[in-house]
Amino acid sequence: MRPDRVPRITPAESGHGTLEALRESNRSRVINALREHGAISRAEISRKTHLSRSTVSTVVRDLTATNIVVEVGPRDGAGQKARGGRPGVPVALSESAGYALGIDVGHRMLRVAVCDLGHRIVAERAEPLAGLGPKDTLDFAARLARTCLEQAHVPDDRVVGVAMSLPAPIDAETGTIGAPYLMPGWADVAVGAEISERLGMPVRVDNDANMCTLAEAFWGAGRGCDDLVYVKAGAGIGCGLMIAGRLHRGASGTAGEIGHTTVIQDGRLCKCGNRGCLETVASAEAITGPLGRAGQPDIGLPAAIEMAMSGDRGARRVVEDAAAAIGVALANLCNILNPSRIVIGGELTQAEQLLFDPLRSAVRRSAIQAATDAVDLVPAQLGERAEVLGALALVLSDSHQFMLTAPNRA
Ligand SMILES: [Zn+2]
């Protein structure tokens, strides 16, 4: 069974106004809504696309007839084919509409996931990543991606897009890492070109905080929120900014480097070359360093948090001080961006109230009242899978690269 190509989806050209152009435009609006929101009802499609219910019903009926869209829900998989378009039953893009591939290269783990355009994960793998240089890391990532595609029986021509997360800002123009001190050895690696060549497919590369922001906005604690800040607090501190529903990357891709905003004018020297950055008082190293000097050599962040949670006064103090410093940086951000939600993720969230209480009170103390009244501070929901899920979300949210193919019905 060879897949038939259906036309590339593009917005109807302005000025045409023909019936065919209108039909094509309606069709892409419905497909884009489904790609972005997964399984939703016809009524929800109508709300999200501003198309009338009857137009949505007609488009969905046509897409169902060609197997691009399927009804999902309790009856799905039970062999019952729904007919006639019951308005409350969710519909989604079918497996045959295509797949997204997501890769997360972290400091310690490599994760790969494949999902269909109906948001169903069809393969996911995680492997420890330690001591490899950039070339070997990218080889490993490409191999694991191949394994996942094979495991899910997804041929290359069914992959509509690939995205990869890296724990550093990416310069969109050069495809290289915009802050090389964050990933020593990677400075001159054209990451995007290298991984694309290994996979034989174009790959979008973006930083981990942006990916987590997208993932939390799609499936986690940021759902339904258009003005969202995601903060990742762990080894370093970075954030992703969603403004009016769109990720804000900045002129060279470094937007959201909150860890390198100055919190102490003449403070300690930071690895970025500046003094007194947030990371000099609130990164994992800044928290564990003083504990090491106090007779706890080589202690990691999880152990430091555990000490703090079990009542060790010194550990508790450094965690709370770090939380307060992050709160001050976020208060400044609240004054500038006025987000309605701040989602906090990363390893430091294991400190629970020891993190959230001082952080919330620092935000309340330092930001203007209207900004603090508007904002909710909530823990992230997607944990260590957030980056790889965000890579999938980046593909699902990117309509420009989208090509839809549908197999013939047998
Ligand atoms: Zn710095």
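In listed order, ligands and their atoms are each counted from 1.
- Checked by atom type and distance alone, the side chain of Arg223 pairs as donor or acceptor with a backbone atom of Gly220 at under 3.5 Å.
- Using a 4.0 Å cut-off between charged nitrogen and carboxylate oxygen, Glu95 and Arg120 do not count as a salt-bridge pair.
- Atom SG of Cys115 and atom CD1 of Ile121 lie 5.0 Å apart (nearest 0.5 Å).
- In this structure, Leu301 and Leu348 have side chains that are in contact, with non-hydrogen atoms separated by less than 4.5 Å.
- Of all protein atoms, those of element N, O or S that lie under 2.8 Å from the Zn ion (ligand 1) number 4.
- The side chain to side chain donor-acceptor pair (under 3.5 Å) test with Lys232 singles out one residue from Thr349, Asp208, Thr213, and that residue is Asp208.
- The side-chain hydrogen bond (donor to acceptor under 3.5 Å, both in side chains) contacts involving residues 313-335 comprise Arg316-Glu320, Arg317-Asp321, where partners must be two or more places apart or lie in separate chains.
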